[in-house]
Each structure stands twice: as structure tokens, then as C-alpha cells.
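What follows is one structure encoded as C-alpha cells, with my remarks underneath.
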Number of protein chains: 2
Amino acid sequence: MRGPPWWRGKLKDAGFRLTLPRQIILNVLTTTPKHLSAEEIFLLVHKKYPGIGLATVYRTLDLLTDMNLISKFDFGDGRSRYELIGRSRKGYHHHLVCVGCGRIVNFSDFAERERSFIQNLEIELSQRYKFKIDSHRIYFYGVCKDCQ
Amino acid sequence: MRGPPWWRGKLKDAGFRLTLPRQIILNVLTTTPKHLSAEEIFLLVHKKYPGIGLATVYRTLDLLTDMNLISKFDFGDGRSRYELIGRSRKGYHHHLVCVGCGRIVNFSDFAERERSFIQNLEIELSQRYKFKIDSHRIYFYGVCKDCQ
DNA sequence: CTACTTGCAAATAATTTGCAACCAG
DNA sequence: CTGGTTGCAAATTATTTGCAAGTAG
């Protein structure tokens, strides 16, 4: 954690100010591996800096989503969840969702095999439906060990 | 549309009553191809039978989702959308979402190629993460022709 | 200085729930 | 009959917005 944080330039380059709330929120997102909801993030942020409001958390998450620094997910429990986007191919992954307890596991094990399968598909779909495709998400649903 | 509707037995077998609201709602779902939100369904239902309330629509959609007769989707616009599950393999498909206008296209063109890819994956994921996997969803995101 | 940001409170929007009346079996 | 269902209104939940005050550049 030495030197300026990686997201510093991203914000400035995009013309946004480097404010304390944004820094705290990005810090939480960077140091937490889970799929956090806005409120969970707010709670964590609130511990370090009680002055930051929930609305600011929402606004910042929106901003970061627009900037493509984080991804917004919906796993069907009525609240959105946010996750940092890795800066390399490493950040690429999909999700395995337990329909019992809602637990979510990231996986990226098969990225290699996926590539060719998805690439062909994207080309085909692009042509057939005249869509310019730029991303995809795959979700698997099942029951985790504890819930079986 | 002759004879008893296909879902009649499904409800009775599961021990639920065959009420007018449920019939109207199922009828709307059966005769509409789109990904309808609860409110859109309510509006359509309301035209035929103004007495049916929005809460009943929500309760019925929940019931049908639990019974696995319909699927509940979230395309990120803050409202859930519902779609009938086909009774044969034909109902099997994924979605192409336009990030511009929110338009959603179903596709199932590649079901054959998908099968082997997904099957291997499921086996592997099941073992590695000790999940009993029973379904998956694939979403592609892009820009449709009109929005380009 | 001066926009961009924020905090707070109030406003929205979607969905859920309590409960008395209703009706399918 | 009678318990599953419904309609309505009120309650909840997540998220958004208005606006005066704060602050990064």
C-alpha cells in the first residue's frame, strides 16, 4: 500500500475531484473481496468516517460504475452488489450463486476454454441481431455444500 | 386455445386453487412474448378484469416463480421481469441486452454447441466448489442497431 | 474563488404485508 | 362450510433527489 493508490489517476483524468468520501469508499472496495451491497459498504465506510452519508455512497458507486471501475450486480435478493473490476485479465470472472443461502462464489477457472466458445457466439449474435456486443455475464445457480 | 389450459393441472396438482386472477394472469403470460414487469402485467390484466389488484399480481408471480412455471429476471433497470418457461427444450434461451435502450432479445440459436461447453463446466464447478448446480443464465450486453 | 461534492431530510419506486371480506372446492 | 385467496391501504425497502453548506483545485 505504498505510493498513490491506483485509482487516483483514474479519477483525476476523468475530471473528478479526489475527495475524502471517494477515497474511503474506494479503499474499502479495494481491500474487500466480497460482493458488497451499498449498505454494507456504507457501514464499513461509516466506521472509519462517520460523517459520510449513505447517499454519498450511492452516488459514488454510481460514478464508479459509470467509470467502469466497479461492476454492479444483481443476484436476486433485491439489493445491488458491487465489486471492483480488476485492472488485468485477472479480474475476469463469473458467479456461482447458492439459491439456498445466497452465497456467491467467483470463478474464472475456465477462462481459456470460454474464450473461443464465447467469441464465436459473439460474432454470430452480432451479425444476426445487429448488436455491437461488448460484454457478457454467466451465472450458475445451485445449492452449496452447507445448504444441501 | 381449445380444451383446458395447460397450466390448469399444474396448479391443481400442486394444491393451489384455480382462481380467476390466476387464470387471467397466466393467460396474459401465455399470450405475450415479451419480458413483462409486474406493473405491465398488472395493466394488461387490469384491462380484462379491473378488480384485480397489483398485490395479487405480485403474489401470483411469486407463486408461479416458486412453481417454476415462470422465470424472474433482472435486467438492471430496477424492476423485475417475468417470462413463461417453455414446457419443452424450446423454452431454453438466454438474453441479449441493449445497454442503450434496455431492449432485450431472446436467443437460443446455439443451444447445441452450448450444451457440451456448459456440461463440462458444470461438472468441474460442482466438484471444485461442492455445489449441486441446477441451472445457468448467460447475458450478453451491447448496443442494438437503433442505439448505435 | 467557484464549481463540483456532500449530508441531511424528504421524495420516489418497487415490492410486501395486515386484515377483513370472498369464494373455490 | 372453511381455509386458501383477494383487494385495499398502509408499511417496508432500496435508491434518488433537492438544496444549502463544504471544499478541492
Side-chain angles (χ1 to χ4, degrees), chain A residues 4-5 7-28 35-43 45-67 69-70 72-82 102, chain B residues 4-5 7-28 35-43 45-67 69-70 72-82 102:
Chain A
W7 32 261
R8 195 169 166 154
K10 303 261 188 188
L11 280 175
K12 311 205 75 157
D13 291 354
F16 297 114
R17 292 188 181 168
L18 199 67
T19 64
L20 188 53
R22 286 177 182 162
Q23 305 201 54
I24 307 280
I25 291 167
L26 273 160
N27 192 51
V28 162
H35 310 78
L36 300 168
S37 66
E39 191 171 4
E40 289 169 332
I41 293 167
F42 168 69
L43 257 24
V45 160
H46 197 260
K47 277 199 298 203
K48 302 195 178 189
Y49 188 112
I52 296 171
L54 179 55
T56 297
V57 172
Y58 274 107
R59 281 184 286 226
T60 301
L61 292 172
D62 265 12
L63 177 72
L64 299 177
T65 302
D66 286 349
M67 290 179 66
L69 297 183
I70 64 178
K72 182 177 184 177
F73 287 95
D74 191 300
F75 296 114
D77 64 343
R79 70 197 64 202
S80 296
R81 296 180 175 279
Y82 302 83
Chain B
W7 33 261
R8 195 171 164 148
K10 303 262 187 187
L11 280 175
K12 311 204 76 155
D13 291 353
F16 296 113
R17 290 190 182 167
L18 199 66
T19 65
L20 188 52
R22 285 175 182 164
Q23 305 200 55
I24 307 281
I25 291 167
L26 272 160
N27 193 51
V28 162
H35 311 79
L36 300 167
S37 67
E39 191 171 5
E40 288 169 332
I41 293 167
F42 168 69
L43 256 24
V45 160
H46 197 259
K47 277 199 298 200
K48 302 195 178 191
Y49 188 111
I52 296 171
L54 178 56
T56 298
V57 172
Y58 273 107
R59 280 183 287 226
T60 302
L61 292 173
D62 264 12
L63 177 72
L64 299 177
T65 301
D66 286 349
M67 290 178 67
L69 296 183
I70 64 178
K72 182 177 184 177
F73 287 95
D74 191 301
F75 296 115
D77 65 342
R79 71 197 67 200
S80 296
R81 294 179 175 282
Y82 302 83

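Quantities reported herein were computed from a predicted structural model and do not represent experimental measurements. Each chain gets a letter, A, B and so on, in the order its sequence line appears, and its residues count up from 1.
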| N/O (side chain, B/Y58) to phosphate O (OP1/OP2, C/dT15) under 4.0 Å | yes
| message | I want to check one thing: is the phosphate of D/dT6, taken as OP1 and OP2, less than 4.0 Å away from some side-chain N or O of B/T19? | response | yes
| request: Send over the distance from A/L61 CG to D/dT16 P, rounded to a whole Å. | output: 10 Å
| request: Specify the closest pair of heavy atoms between B/F42 and B/L54, including all atoms of both residues, with the distance to one decimal. | output: CE1-N, 3.4 Å
| Atom-pair distance (CG on B/L20; C1' on D/dT5), nearest Å | 12 Å
| Most 5' of B/R79 and B/L18 on DNA chain C, judged by nearest nucleotide | B/R79
| said: Is the shortest side-chain heavy-atom distance between B/W7 and B/L18 below 4.5 Å? | reply: yes
| Residue closer to the 5' end of DNA chain C, B/R81 versus B/K12 (nearest nucleotide) | B/R81
| said: Could you tell me how far apart B/L11 (CG) and D/dG4 (P) are, to the nearest whole angstrom? | reply: 15 Å
| Whole-Å distance separating the CZ atom of B/F42 from the C1' atom of D/dT6 | 13 Å
| Least distance between heavy atoms, B/R81 atom then B/E40 atom | NH1-OE1, 3.3 Å
| task | Evaluate the ring planes of B/F73 and B/F75, with Trp represented by its six-membered ring, and classify them as parallel (under 30°), tilted (30 to 60°) or perpendicular (over 60°). | result | parallel
| Do B/R59 and B/T56 have side-chain heavy atoms sitting under 4.5 Å apart? | yes
| Whole-Å distance between C/dC4 P and A/R17 CZ? | 7 Å
| Selected nucleotide, minimal atom distance to B/E39 side chain, candidates C/dA24, D/dT16, C/dA14 | C/dA14
| Heavy atoms under 4.0 Å, any strand shown: does A/S80 hit a base, just sugar-phosphate, or nothing? | sugar-phosphate
| query | What is the distance from CG of B/D77 to C1' of C/dA13, rounded to the nearest Å? | reply | 12 Å
| Distance check: side-chain N/O of B/R22 vs OP1/OP2 of D/dT5, anything under 4.0 Å? | yes
| note | The residue, A/Y82 or B/T60, whose nearest nucleotide of DNA chain D is more 5′ is B/T60
| message | Could you tell me how far apart A/Q23 (CD) and C/dC4 (P) are, to the nearest whole angstrom? | response | 19 Å
| Under 4.0 Å protein heavy-atom contacts per nucleotide of nucleotides 7-12 of chain D, with B for base, S for backbone only and - for none | BB----
| said: Nearest whole Å is fine: how far is D/dA14 P from A/F75 CZ? | reply: 17 Å
| field | Non-hydrogen side-chain atoms of A/M67 and A/L11 separated by less than 4.5 Å | value | yes
| Heavy-atom closest pair, residues A/L61 and A/I70 | O-CD1, 3.5 Å
